[in-house]
Amino acid sequence: MNASIDLNNDCTLLHGDCVAKLSTIANESVDLILTDPPYNLGIFMKNRETNLGALRENHFVASDWDNLTQQEWEKCLLSFFKESARIIKKRGSIIVFMSIIKVETVIEIAEKCGFYYKTTGIWHKKNPMPRNMNLHFINSTEAWIYFTYGSKTGTFNNNGEAIHDFIETPTIGLSEKKYGKHPTQKPERLMDFFVTLLSNEGDLVLDPFMGSGSTGVSALKNNRRFCGIELNDKYFELAEKRMHFGKHKIESDVINIAEKK
């Protein structure tokens, strides 16, 4: 498989390690980073003897990419934010999805790399898996953390409306599983919210932990350029299919971001 694949004029997918591939992207070239990195909860959940793996096929608890030690995970996160600080434009924005119990750590690491912390919000899943519903609260929320770089403000297309830090959507529907599914796949509707609010048409949106490619599908259908990075072979191919065979295509000049200028 090639290291990178150009699916259309405004889409570049990079297959490999996140930090290694980020190093190939030019300085100050990215407008918005929208990503869902590993929460590193695998060991934590296994130590609690959870039965999630038995209840949902291919759950993150059984995924090797979520089983780092806390020290290893923080080191990887620091490398990610350092490279992100290099490639993002001044006044660029970054949204990072994260488990609520890890939010403080992410903010601390991001601030060390020069990012300005704006807020932490919540995504509420309207139809979560009702695990152990007769024993305790259903896990129906995930956090997202909003930063800007080089400025306390960035693009914010609210059109005069009050935008709350609480987003409510269903999880992925059948149409978004057409080519396969990812255990932590985010719905297009959720990604549309951030893409349209925090970037403009023609901007470059980057997802360094691309997974199934939801960020890319959203970016392309909303007339943004997209670059995605994914290490896992299976999910890289899934993302490629979603963007290549889907209806989201852009007609414009080729933008080469795969090589550092």
Side-chain angles (χ1 to χ4, degrees), residues 1 3-4 13-25 30 33-54 56-88 93-117 120-123 139 141-147 149 181-186 206-215 227-239 260:
M1 183 176 294
S4 64
L13 302 187
L14 304 177
H15 184 208
D17 175 75
C18 163
V19 175
K21 294 304 180 182
L22 284 175
S23 69
T24 69
I25 297 176
V30 176
I33 298 174
L34 175 55
T35 195
D36 185 22
Y39 296 177
N40 202 44
L41 293 175
I43 295 176
F44 171 76
M45 297 296 283
K46 287 177 181 178
N47 289 339
R48 297 180 68 205
E49 298 182 352
T50 176
N51 65 345
L52 279 172
R56 192 201 311 178
E57 181 184 359
N58 198 24
H59 194 272
F60 73 86
V61 168
S63 302
D64 292 338
W65 43 260
D66 212 47
N67 289 335
L68 297 177
T69 66
Q70 181 68 16
Q71 185 177 15
E72 290 171 332
W73 178 73
E74 290 183 18
K75 183 178 179 181
C76 291
L77 207 60
L78 178 61
S79 297
F80 157 66
F81 274 109
K82 283 182 176 179
E83 279 298 315
S84 296
R86 180 185 62 79
I87 64 176
I88 199 164
S93 298
I94 178 169
I95 292 286
V96 178
F97 288 93
M98 187 50 54
S99 168
I100 293 173
I101 65 173
K102 298 293 186 80
V103 167
E104 184 176 0
T105 301
V106 174
I107 294 172
E108 180 181 352
I109 293 173
E111 288 184 331
K112 286 180 180 178
C113 298
F115 286 91
Y116 178 76
Y117 169 64
T120 299
I122 293 296
W123 169 44
N139 180 10
T141 62
E142 292 181 36
W144 47 268
I145 316 169
Y146 171 32
F147 303 93
Y149 188 76
K181 61 181 179 179
H182 186 281
T184 60
Q185 186 168 328
K186 296 295 184 288
L206 168 71
D207 188 346
F209 301 94
M210 178 174 61
S212 63
S214 295
T215 302
C227 178
I229 303 171
E230 176 56 42
L231 176 63
N232 183 279
D233 293 349
K234 175 182 176 181
Y235 301 135
F236 183 88
E237 293 175 1
L238 170 56
K260 188 182 299 184

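Note that the structure is a prediction, hence the values are computed from the model and not measured.
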In Å and rounded to the nearest 0.5 Å, what is the [atom1] to [atom2] distance from [X] to [Y]?
| X | Y | atom1 | atom2 | value |
| --- | --- | --- | --- | --- |
| Leu231 | Met210 | CG | CE | 10.5 Å |
| Asp233 | Glu237 | CG | CD | 6.5 Å |
| Met98 | Leu77 | CE | CG | 6.0 Å |
| Ile25 | Leu14 | CD1 | CG | 6.0 Å |
| Ile88 | Ile94 | CD1 | CD1 | 6.0 Å |
| Phe147 | Cys113 | CZ | SG | 10.0 Å |

Residue list, side chain to side chain donor-acceptor pair (under 3.5 Å) with [X], at least two apart or on another chain:
| X | value |
| --- | --- |
| Glu142 | Tyr39, Lys125, Lys186 |
| Trp123 | Thr169 |
| Tyr116 | none |
| Ser212 | Gln185, Arg242 |

Self-check item: Listed partners of Tyr149 passing ring-ring contact (aromatic ring centres under 6.0 Å, His included), at least two apart
Solution: Phe115
Quiz item: Looking at side-chain heavy atoms only, is the closest gap between Phe80 and Pro37 below 4.5 Å?
Solution: no
Practice problem: Among Thr35, Asp36, Asp207, find the residue that satisfies the side-chain hydrogen bond (donor to acceptor under 3.5 Å, both in side chains) test when tested with Thr215. | Solution: Asp207
Practice problem: For side chain to side chain contact (heavy atoms under 4.5 Å, CB included), just list the numbers for Phe97 and Leu34, CA-CA rounded to whole Å, side-chain angles, deciding distance to a tenth of an Å, and then say yes or no. | Solution: CA-CA 8 Å; Phe97 288 93; Leu34 175 55; 4.0 Å; yes
Identify the heavy atoms of [X] and [Y] that sit nearest to each other, and give their distance.
| X | Y | result |
| --- | --- | --- |
| Ala143 | Ile100 | CB-CG1, 3.8 Å |
| Phe81 | Ile109 | CD1-CG2, 3.9 Å |
| Arg86 | Leu22 | NH2-O, 2.8 Å |
| Glu230 | Gly211 | OE1-N, 2.7 Å |
| Cys18 | Ile229 | CA-CG2, 3.8 Å |

Quiz item: Sequence neighbours excluded, which residues qualify as side-chain contact (heavy atoms from CB on, under 4.5 Å) partners of Val19?
Solution: Asp17, Ser79, Glu83
Self-check item: Intermediate values then yes/no, side chain to side chain contact (heavy atoms under 4.5 Å, CB included), Lys234 and Leu238
Solution: CA-CA 6 Å; Lys234 175 182 176 181; Leu238 170 56; 5.8 Å; no
Exercise. Flag yes if more than 12 heavy atoms outside Glu104 fall under 6.0 Å of its CD atom; otherwise flag no.
Key: no
